[in-house]
Amino acid sequence: MSDPLQPSLLAGFDLGSTLPGTPKTAEHLPVARVIIDSALPHLDRPFDYLVPAQLDATARPGVRVKVRFGGQELAGFLAERLEHGEQGVRLQPLGSVVSPEVVLTAPVLATARAVAERYAGTLWDVLRSAVPPRMARVEKEAGTADEAPDPATPETHPPAAAAGPADPRVAGQHADDAPTGDKRDAPHGVVSDGVDPRGLDALHGPLLAEYDGGAHFAAELAAGNSPRAVLSAVPNRPGHWPALLLEAALAANESGRGALIVVPDARDLARLCTLLDERIGTGNYVRLSAEDGQTPRYRNFLRAARGQARLVVGTRNAAFAPVKDLGLVIIWDDADTSHAEPRAPYHHAREVLLLRSGIENAAMLVAAPGRSAEAQRLIRSNWAVELRANRALLRAHAPRVIAASDEFEQNRDPLLHAARLPAAAWREAKLALERGPVLVQVARTGFMPALRCERCRTSARCTKCTGPLALDDARGAPSCGWCGLVAAGWSCAECGFMRLRAASIGADRTVEELGRAFPNVNVVAATGAKPLHHVPDAPALIVATPGAEPVAEHGYAAVLLLDGDRMMSREGLRTGEEVLNRWMGAAQLARGHVGAPGLPGGGTVVVAGDPSEPMRALVRFDPGAYADAELGERRALGLPPAVRTALVKGPAATADKFVEALGFGDDVRLHGPVLAGEGEHRWLLFYSYAQGPAVTRKLRTLRASFSAAKEPILAIRVDPDGIL
DNA sequence: AGCACGCCGACT
DNA sequence: GTCGGCGTGCTC
């Protein structure tokens, strides 16, 4: 069909052509620069084609095309139309325009290019996550590019599990209504996930103004300027963060610009969308999430691409969403690991938005319950301002935090010991259960994978390299966490016993044990596998793994953080930061110490474990200070994110040759080679932010020439997480 | 992945 | 002198 030599396509197009049988080319801008779908690094550059006259109208920049390349038909995006191609190159005709829909806008392409450059990856890899696959049927559905958003046609997501009942009164409200909304619109009796009906009045107030510099930030947004800010949200305010982010987005809308909000996962997205449905109406924003399924995802993507909404919200790939006149990008909880793309080039949504805000001259807001070291770096380098919560407000909303070092207390009562419950935690929980629900955060199984001898409790180690043995679901048998050796037929080095016991205790077992420690109390589990979004304001013990904590309507009377020591014991540069973030995530769900107007007070957080810096930061409820101290320390040690890193991995000979050929001097620290799997070598590079662009450019070009020389393609990861 | 082009051996 | 082996490199 796309073969230009087919007579059906040639019919009528040989008039004025240079050769008989050659189709006539477009008169104006006859050259199309095309980005082709190729996994090969040395082909990661645009190629030019001639636009046949018959494709002139549809071959616009940003459309999907098919082109002949080498011997095969390849998919591609038309990047731009030009008057001339490169000198001395015989151009082939464009194969076909797959769809007239413009799915790759110029700023998104520029962002994707910057991301590919920043992560030393190929442009096509980035575009694959930036532009969802085409679903042809969706394009034919009702609704044209010029049609106004129609709230009566819910072209959006399937009903989210957590979504509350829709309020018909808000349908038809438009995004460009006053950003503060109308107090009379507060729906009474509508209880939705994370939104306290009694607190809704507060949602309509200027929430940003509660942060130092927040009012100014909002005013700048509304005035059409592009300020940049980092913010740690005030805890214990059900529905606070979605309302806060919406307020910023609406301020940007007020200046006539679009806004984009990226959240870590479907659960957070459901919370945000519930609020958006109530406040601006389902038809007035676009939701983008890979979890919605391909067809709804493409349908929503098209609405954004056609400019039918000025607010786009979604998970990490939404960072590339086409938003007309983008004025503000927001990332919520940038420390959440879900923001990192698991496929090449492993880009992080925060970095994508950072690059994009620069390219589109858009404002940026990095908001989180805690504070990542990267966000702190933005403050330290004066790239962004810190919006600090009003201290009185923070004091009222922050819970009382008790650090319980459990060493001596723990062993007294066998029931508490079994439940890993320090006496102080038990006492607080007992008291709190008279006032409301109590959250118990336990570490995820994967977080404490150590195995021990079932008889003598000696930790199980690899016989070859003494690395820790771990039970891997995929393999079934225990294997070494360092060298990967499968330890079949293990026996204890200390006592010879042959059975292992998992040192990890899953949420389900904790439920059992807590049930015994708290007779007559309702104990339920909330984990990733068994999610629970919302719990009523009634006495109960809620056992949850980090990230899966349900929201309590009026906050938890107490929050117990039990597995601190186990979580802290994991090796890794970011362990402290991750643990604090997990604690903050749970602690922010506790009631405030004093209690804000309309909200009960008396919230307590008990954190069990040995004293540590993250624990001190939690007690002070100051994640910013902790991140700042961490960043200072990393700078002194020359470790990320104070510096940037890159990982090169592949067959030993190629990897070594590659690193040597990079030819970096003393300004790039080289570590390696480390044996990484079967015959593979891994190298680590450390370099400054200033050198970042030069280093990644070199990595890309060298990888391209290695690829052209038919060397095996190396894995390159820039700023990899979880390696150090 | 395909296809051109090139260098060298075999056959007319 | 010409045909065709397949090895190397390019693909708009």
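Numbered from 1 within each chain, the chains take letters A, B, ... in sequence-line order. Bear in mind the structure is a predicted one, so any value in this text is a computation, not a measurement.
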J.: Without decimals, in angstroms, what is the distance between A:Leu50 CG and C:dT11 P?
T.: 16 Å

J.: Is A:His348 close to A:Glu374 at the side-chain level, that is, under 4.5 Å between some pair of heavy atoms?
T.: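 Not touching, per the 4.5 Å side-chain cut-off.
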
J.: Answer whether the closest heavy-atom distance between the side chains of A:Tyr346 and A:Asp721 falls below 4.5 Å.
T.: no

J.: Could you tell me the separation between the CG atom of A:Leu40 and the C1' atom of C:dC10, rounded to a whole number of Å?
T.: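 These atoms are roughly 11 Å apart.
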
J.: Across the strands shown, which category fits A:Leu43 at heavy-atom distances under 4.0 angstrom: base, sugar-phosphate, nothing?
T.: base

J.: For the side chain of A:Arg350 and the backbone of A:Ala375, is there at least one donor-acceptor N/O pair under 3.5 Å apart?
T.: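 Not at all, since once roles are kept as given, no pair shorter than 3.5 Å links the two residues.
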
J.: According to the 5.5 Å centroid and 30° plane-angle thresholds, does A:Tyr49 stack upon the nucleobase of C:dC12?
T.: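 Stack criterion not met.
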
J.: Is a donor from one side chain sitting under 3.5 angstrom from an acceptor on the other, for A:Glu291 and A:Thr315?
T.: no

J.: Could you state the CZ-C1' distance from A:Phe69 to C:dC12, rounded to the nearest angstrom?
T.: 7 Å

J.: Treating A:Arg316 as the side-chain partner and A:Ala349 as the backbone partner, does any N or O pair qualify as donor plus acceptor under 3.5 Å?
T.: no

J.: Closer than 3.5 angstrom, by distance alone: can the side chain of A:Asn300 be matched with the main-chain N or O of A:Arg287 as a donor-acceptor pair?
T.: yes

J.: Distance check needed: C:dT8 P versus A:His42 NE2, whole Å only.
T.: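 After rounding, the gap between these two atoms is 15 Å.
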
J.: How many whole angstroms separate atom CD of A:Glu83 from atom P of C:dC12?
T.: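 Taking CD of A:Glu83 and P of C:dC12, I get 21 Å after rounding.
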
J.: What one-letter contact string describes nucleotides 2-7 of chain B from 5' to 3', where B marks a base within less than 4.0 Å of any protein heavy atom, S marks contact via sugar-phosphate atoms alone, and - marks no contact?
T.: S-----

J.: Provide, to the nearest angstrom, the distance between the NE2 atom belonging to A:His84 and the C1' atom belonging to C:dC12.
T.: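 Rounding to the nearest Å, NE2 of A:His84 and C1' of C:dC12 are 16 Å apart.
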
